[in-house]
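No experiment lies behind these values; they were computed from the predicted model shown.
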Amino acid sequence: MPPVRKRQPSLSQLRAFAAVAEHLHFRAAAAALGMSQPALSGAVSALEETLGVTLVERTTRKVLLSPAGERLAVRAKAVLAEVGALMEEAEAVRAPFTGVLRLGVIPTVAPYLLPTVLRLVHDRYPALDLQVHEEPTSNLLDGLLTGRLDLLLLAVPLGVPGVVELPLFDEDFVLVTPLDHWLGGMEGIPREALRELNLLLLDEGHCLLDQALDICREAGRADAPVTTTAAGLSTLVQLVAGGLGVTLLPRTAVKVETARSSQLLTGCFAEPAPTRRIALAMRAGAARGDEYEELATALRDALKPLPVRVL
């Protein structure tokens with residue numbers, strides 16, 4: 001024989017019992033719920049029958065909770081709170097650009113683009129609870145695919161199945177040198193010049209390292225020019241200012257990073273200059289995909305004042 005299904009308490013029964021537990025008075029509890037006292041009493045009795053326990057001790061003068069009622073009142077309130085949270089979350093889902101959006105950003109983008117992103121969200125989507133996570137690309141992709149993150153802002157292409165890229169812009173790389181370097185401040189630098197330079201790069205794990213190595217290979221440099229590395233672009237630029245070598249910076253980082261020292265010059269490559277592409281990335285079939293595409297469109301417009309080529 002199939003198992004006998006136990007009856008489940010209804011939300012109205014739980015609300016009635018929780019009100020009685022709070023007010024310890026049937027008339028006050030009924031008034032708080034906007035229902036008649038007989039209906040409230042009937043709902044509590046039905047809950048007692050469903051659970052098989054006595055919840056309320058009724059006397060002519062006052063209402064008391066039984067020991068079981070004391071314990072189950074806590075559970076009933078917790079269930080009702082969770083139901084309320086569920087309804088709020090569903091409302092957030094129905095209303096675009098509300099609720100939480102967990103955005104992952106790579107370290108070589110975060111300091112330079114986040115001011116624009118945060119200003120856009122604050123001005124255009126004030127009900128959106130934006131939570132930012134700065135991590136390397138591999139961590140961000142893992143977070144996106146496991147559901148820990150909702151949307152990424154990073155360099156592409158990724159070539160990862162199940163991930164959709166929403167391109168935002170392309171930006172050139174520039175060469176940052178000490179003041180006395182022979183390429184300092186030069187326009188039209190040929191890529192081939194990278195073959196002989198003492199190039200300072202980021203540590204392993206940064207996608208910008210891979211991009212820099214690709215640029216070097218395209219310039220005809222076979223070896224990996226890694227004599228000194230750093231964990232971030234700020235440190236790289238300070239090493240350049242100290243005369244340890246030169247480095248590559250994306251244009252969006254130049255204003256922030258070179259302002260830290262007066263001992264630097266910036267040179268531009270000949271066309272076509274080495275570039276990187278920045279995009280938003282989301283899970284294929286994401287429930288909020290339409291919102292993310294709208295956000296990408298708004299971001300492209302907001303990023304136009306930056307030294308980039310918006311796509």
Side-chain angles (χ1 to χ4, degrees), residues 1-104 118 120-133 143-151 282-283 285-292 294-295:
M1 294 179 61
V4 178
R5 295 182 61 184
K6 295 182 178 180
R7 293 170 57 193
Q8 299 287 322
S10 68
L11 290 177
S12 61
Q13 292 170 357
L14 292 176
R15 290 192 186 96
F17 171 54
V20 170
E22 179 181 353
H23 295 277
L24 294 179
H25 194 286
F26 275 90
R27 184 181 303 131
L33 294 180
M35 60 191 304
S36 68
Q37 187 173 332
L40 178 85
S41 180
V44 173
S45 296
L47 179 62
E48 291 177 317
E49 182 180 349
T50 298
L51 299 177
V53 294
T54 299
L55 301 172
V56 178
E57 296 178 4
R58 301 166 176 83
T59 70
T60 55
R61 300 186 60 183
K62 58 183 177 180
V63 174
L64 298 174
L65 295 182
S66 69
E70 292 279 1
R71 293 178 57 182
L72 294 181
V74 176
R75 295 284 189 180
K77 291 176 182 177
V79 169
L80 293 171
E82 286 299 316
V83 170
L86 173 67
M87 297 303 293
E88 290 177 4
E89 188 68 20
E91 179 63 26
V93 170
R94 288 196 299 272
F97 296 105
T98 59
V100 175
L101 173 57
R102 299 163 297 179
L103 176 68
L118 297 177
L120 171 68
V121 170
H122 178 270
D123 293 345
R124 187 172 298 194
Y125 312 115
L128 188 64
D129 179 10
L130 183 66
Q131 299 177 0
V132 177
H133 302 261
L144 182 69
L145 293 173
T146 59
R148 177 173 62 85
L149 298 173
D150 303 310
L151 192 64
M282 64 179 182
R283 288 183 297 276
R288 301 173 72 180
D290 290 343
E291 287 180 55
Y292 301 155
E294 182 179 334
L295 177 61

Could you tell me whether the side chain of [Y] reaches within less than 4.5 Å of the side chain of [X], counting heavy atoms only?
X: Q131; Y: V100; answer: yes
X: R124; Y: F97; answer: no
X: T98; Y: L128; answer: no
X: L151; Y: L144; answer: no

Subject >> side chain to side chain donor-acceptor pair (under 3.5 Å) involving S66 - partner list, sequence neighbours excluded >> reply: none
Subject >> Contacts of type side chain to side chain donor-acceptor pair (under 3.5 Å), residue R102, not counting sequence neighbours >> reply: D150
Subject >> Residue pairs passing the salt bridge (charged side-chain N to carboxylate O under 4.0 Å, His left out) test where at least one lies in residues 42-55, sequence neighbours excluded >> reply: R7-E49, E48-R58
Spatial distance of atom [atom1] ([X]) from atom [atom2] ([Y]) [nearest 0.5 Å]:
X: L120; Y: L118; atom1: CG; atom2: CG; value: 9.5 Å
X: L130; Y: L295; atom1: CG; atom2: CG; value: 8.5 Å
X: R288; Y: R283; atom1: CZ; atom2: CZ; value: 10.5 Å

Original post:
Who are the ring pair (Phe, Tyr, Trp, His ring centres under 6.0 Å) partners of Y292, not counting sequence neighbours?
Top reply: none
**OP:** Any chance you could lay out the side-chain contact (heavy atoms from CB on, under 4.5 Å) test for V56 and V44, step after step, and finish with the verdict?
**Re:** CA-CA 8 Å; V56 178; V44 173; 4.0 Å; yes
Original post:
Taking all non-hydrogen atoms of both residues, which atom of L47 and which atom of P9 are closest, and how far apart?
Top reply: CD1-CB, 3.4 Å
**OP:** Please report the closest heavy-atom contact between A68 and V53, naming both atoms and the distance.
**Re:** CB-CB, 4.4 Å
Subject >> Exceeds 12 heavy-atom contacts within 6.0 angstrom, atom CZ of R75 >> reply: no
Original post:
Is the number of heavy atoms from other residues, nucleotides or ligands under 6.0 Å of D123 CG greater than 12?
Top reply: yes
Would you mind writing out the side-chain donor-acceptor pairs for residues 11-21 within the sub-3.5 Å range, not counting sequence neighbours?
residue	atom	partner	partner atom	Å
S12	OG	S10	OG	3.0
Q13	OE1	S10	N	3.2

Original post:
Would L72 and L51 count as a side-chain contact (heavy atoms from CB on, under 4.5 Å) if you check the C-alpha gap in whole Å, the side-chain angles of each, and the deciding distance to 0.1 Å?
Top reply: CA-CA 10 Å; L72 294 181; L51 299 177; 4.0 Å; yes
Please output the side-chain donor-acceptor pairs of residues 23-41 that fall under 3.5 Å, not counting sequence neighbours, one pair per line with the distance.
residue	atom	partner	partner atom	Å
H25	ND1	R27	N	3.2
H25	ND1	A28	N	3.3
S36	OG	A39	N	3.2

